[in-house]
Amino acid sequence: MAIAARAGMTCREVEKLLDLFLDGELEARTMRTVALHVTRCEPCEALLQGLERLQDVVGDTIGDAVAEVDFARFWPSIAAEVDGVQRSWRGLGGRVRALARTPLVIAAAMAAALVVSAIALWREMPAIPPPPTVVNNQVRIDTLTSDAPAVALLSESATNTTVIWISEEGRGR
Amino acid sequence: MERTDTELVRLTRQGDRGAFQELVERHQRKVYAVLLGMLHDHDAAWETSQETFIEALCCLDRFKGEASFSTWLYRIAVNVAIDYQRHERHPPRVGVADTTVAAQSREIGERVCAAIAQLTPEHRAAILLREVEGLSYEEISRVMECAKGTVMSRLHYARKKLQAQLQDCL
């Protein structure tokens, strides 16, 4: 941990760092500062010794209990299950697993997923209504005469719409 | 020359049974120790250790080698222990039974186990990975998928609580 060391650390400051000191998680300079303080300060030294004893007693309790366990039976007790898992790899699962590792298959699977998603999306989209049928109302404009200062013609074939815009500007209207 | 964990994992993926046996025998004690500390019962620790290795084998494809194999294995073991207690509703039992150590140290051992059993699974895992397995904060944070600062505070809290409960035998 990057905790800045100060030459004259107080007991309160050192106390907060004792866990990290015990676990060797401080930077070298801070480790030295805490070590120096602990060697000169009895209350802080006692706190550190308390943490060390706790570490020993927890480690020893579990360590002693594990030391008495006979692990000779451990592998045989799971071997059959391990065989079952590995057999499934060699079967269909194994072939799929092996195939799944090839980049080409991964790319093909992704492309297929994309196509399936696109089809599903397309099916869920509302149908686009057909454009209204225009029956015999077409007009052909050959000439357009006007005294307006400006005339504009806008025609949009997709919606069968034509707009003729005549400017009234300058006529006082 | 001893084969590395990475090499054994690669061979296991290719279906080499012996390679997985070597991995199991290399890590069984460590995994068992964490699970015994978490569950305080030899039968439960044995059962969950088996489950840990089988689960590791089943999801070996997910091991990317970013952390060490043992760190990855501890992560599985801690999750298996937490699940065991949550879903199977097994409260942590107090006392590590059937040991032949002297009466006095057995009594201390039972008190230590009782104190550890009162911690939350997260605090228990943190203290065991540190005090029993000697993992660094970085390694514990990988096992428990949390920040290093969280490991630091969990350890501090767990130690304070254990010290308070074991005051007269420390």
Side-chain angles (χ1 to χ4, degrees), chain A residues 1-3 15-26 46-91 93-101, chain B residues 12-17 20-21 24-25 28-30 32-34 36-37 40 42 45-46 49-51 53-54 57-58 60-61 96-101 105-106 108-113 115-116 127-128 130-134 136-138 148-149 151-152 155-156 159 162-163 166-167 169-170:
Chain A
M1 291 274 167
I3 292 166
E15 201 184 318
K16 287 180 186 167
L17 299 178
L18 284 180
D19 283 292
L20 296 163
F21 176 76
L22 178 77
D23 298 330
E25 294 280 345
L26 291 170
L47 287 174
L48 181 65
Q49 284 173 347
L51 287 172
E52 285 170 343
R53 280 197 297 274
L54 179 71
Q55 192 168 56
D56 289 345
V57 84
V58 171
D60 290 350
T61 300
I62 305 296
D64 289 348
V66 174
E68 293 183 2
V69 177
D70 177 15
F71 282 94
R73 292 182 300 117
F74 192 80
W75 171 256
S77 67
I78 60 166
E81 213 167 333
V82 167
D83 288 342
V85 173
Q86 290 193 320
R87 247 197 317 274
S88 74
W89 290 359
R90 285 192 291 271
R95 284 195 288 276
V96 171
R97 208 180 269 257
L99 269 174
R101 290 200 196 102
Chain B
T12 304
R13 277 177 178 153
Q14 292 170 359
D16 186 335
R17 184 182 188 263
F20 189 64
Q21 182 176 354
V24 170
E25 286 170 355
Q28 61 193 11
R29 278 183 184 274
K30 293 178 190 173
Y32 187 88
V34 170
L36 183 65
H40 307 295
H42 280 288
W46 188 269
S49 297
Q50 290 178 324
E51 203 180 320
F53 283 107
I54 295 297
L57 179 65
C58 290
L60 208 56
D61 272 354
V96 175
D98 304 321
T99 57
T100 55
V101 288
S105 55
R106 189 167 61 234
I108 293 173
E110 282 174 4
R111 287 196 52 198
V112 170
C113 289
I116 293 174
I127 199 86
L128 291 166
R130 176 63 219 154
E131 313 292 43
V132 179
E133 303 299 332
S136 69
Y137 288 13
E138 179 69 43
K148 257 171 93 173
V151 172
M152 201 171 91
L155 279 174
H156 182 75
R159 281 171 172 157
L162 290 178
Q163 276 186 320
L166 302 168
Q167 214 166 17
C169 67
L170 286 177

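Chain naming here is simple, since letters A, B, ... match the order of the sequence lines and numbering starts at 1 in each.
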Quick one: pull up [atom1] in [X] and [atom2] in [Y] and give me the separation to the nearest 0.5 Å.
X: A/Thr61; Y: B/His40; atom1: OG1; atom2: NE2; answer: 10.5 Å
X: B/Cys113; Y: A/Ile62; atom1: SG; atom2: CD1; answer: 5.0 Å
X: A/Ile78; Y: B/Glu51; atom1: CD1; atom2: CD; answer: 12.0 Å
X: B/Arg159; Y: A/Gln55; atom1: CZ; atom2: CD; answer: 6.0 Å

Per-residue contact mode, B/Phe20 against chain A (heavy atom under 4.5 angstrom)
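Both parts, backbone and side chain.
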Engaged part of B/Glu25 at the chain A interface, taking heavy atoms whose separation is under 4.5 Å:
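The side chain, not the backbone.
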So which part of A/Leu51 gets closer than 4.5 Å to some heavy atom of chain B, the side chain, the backbone, both or neither?
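Interface part for A/Leu51: both.
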Please look at A/Ala67 and chain B and tell me whether the side chain, the backbone, both or neither of the residue comes under 4.5 angstrom of a heavy atom of that chain.
backbone
Provide the closest heavy-atom pair for [X] versus [Y] in the form atom of the first, atom of the second, distance.
X: B/Gln163; Y: A/Leu47; answer: NE2-O, 4.5 Å
X: B/Met152; Y: A/Leu20; answer: SD-CD2, 3.5 Å
X: B/Asp16; Y: A/Gln86; answer: O-NE2, 3.9 Å
X: A/Gly59; Y: B/Val132; answer: CA-CG2, 4.4 Å

Counting only heavy atoms not in B/Gln167, do more than 12 fall under 6.0 Å of its CD?
no
Does A/Glu81 CD have over 12 foreign heavy atoms under 6.0 Å away?
no
Which one of [options] has the most heavy-atom pairs closer than 4.5 Å to chain A?
options: B/Val34, B/Leu162, B/Val24, B/Ile54; value: B/Ile54
options: B/Gln50, B/Arg17, B/Glu138, B/His156; value: B/Arg17
options: B/Ser49, B/Gly37, B/Gly134; value: B/Ser49

Name the member of A/Asp60, A/Leu54, A/Asp56 that forms the most heavy-atom pairs with chain B at distances under 4.5 Å.
A/Leu54
Decide, yes or no, whether a salt bridge links B/Arg130 with A/Asp19 under the criterion of side-chain N to carboxylate O below 4.0 Å.
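So B/Arg130 does not pair with A/Asp19 through a salt bridge.
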CA sep, side-chain torsions, deciding dist, call: A/Phe74, B/Tyr32, ring pair (Phe, Tyr, Trp, His ring centres under 6.0 Å)
CA-CA 10 Å; A/Phe74 192 80; B/Tyr32 187 88; 7.6 Å; no
For side chain to side chain contact (heavy atoms under 4.5 Å, CB included), just list the numbers for B/Phe53 and A/Val82, CA-CA rounded to whole Å, side-chain angles, deciding distance to a tenth of an Å, and then say yes or no.
CA-CA 9 Å; B/Phe53 283 107; A/Val82 167; over 6 Å; no
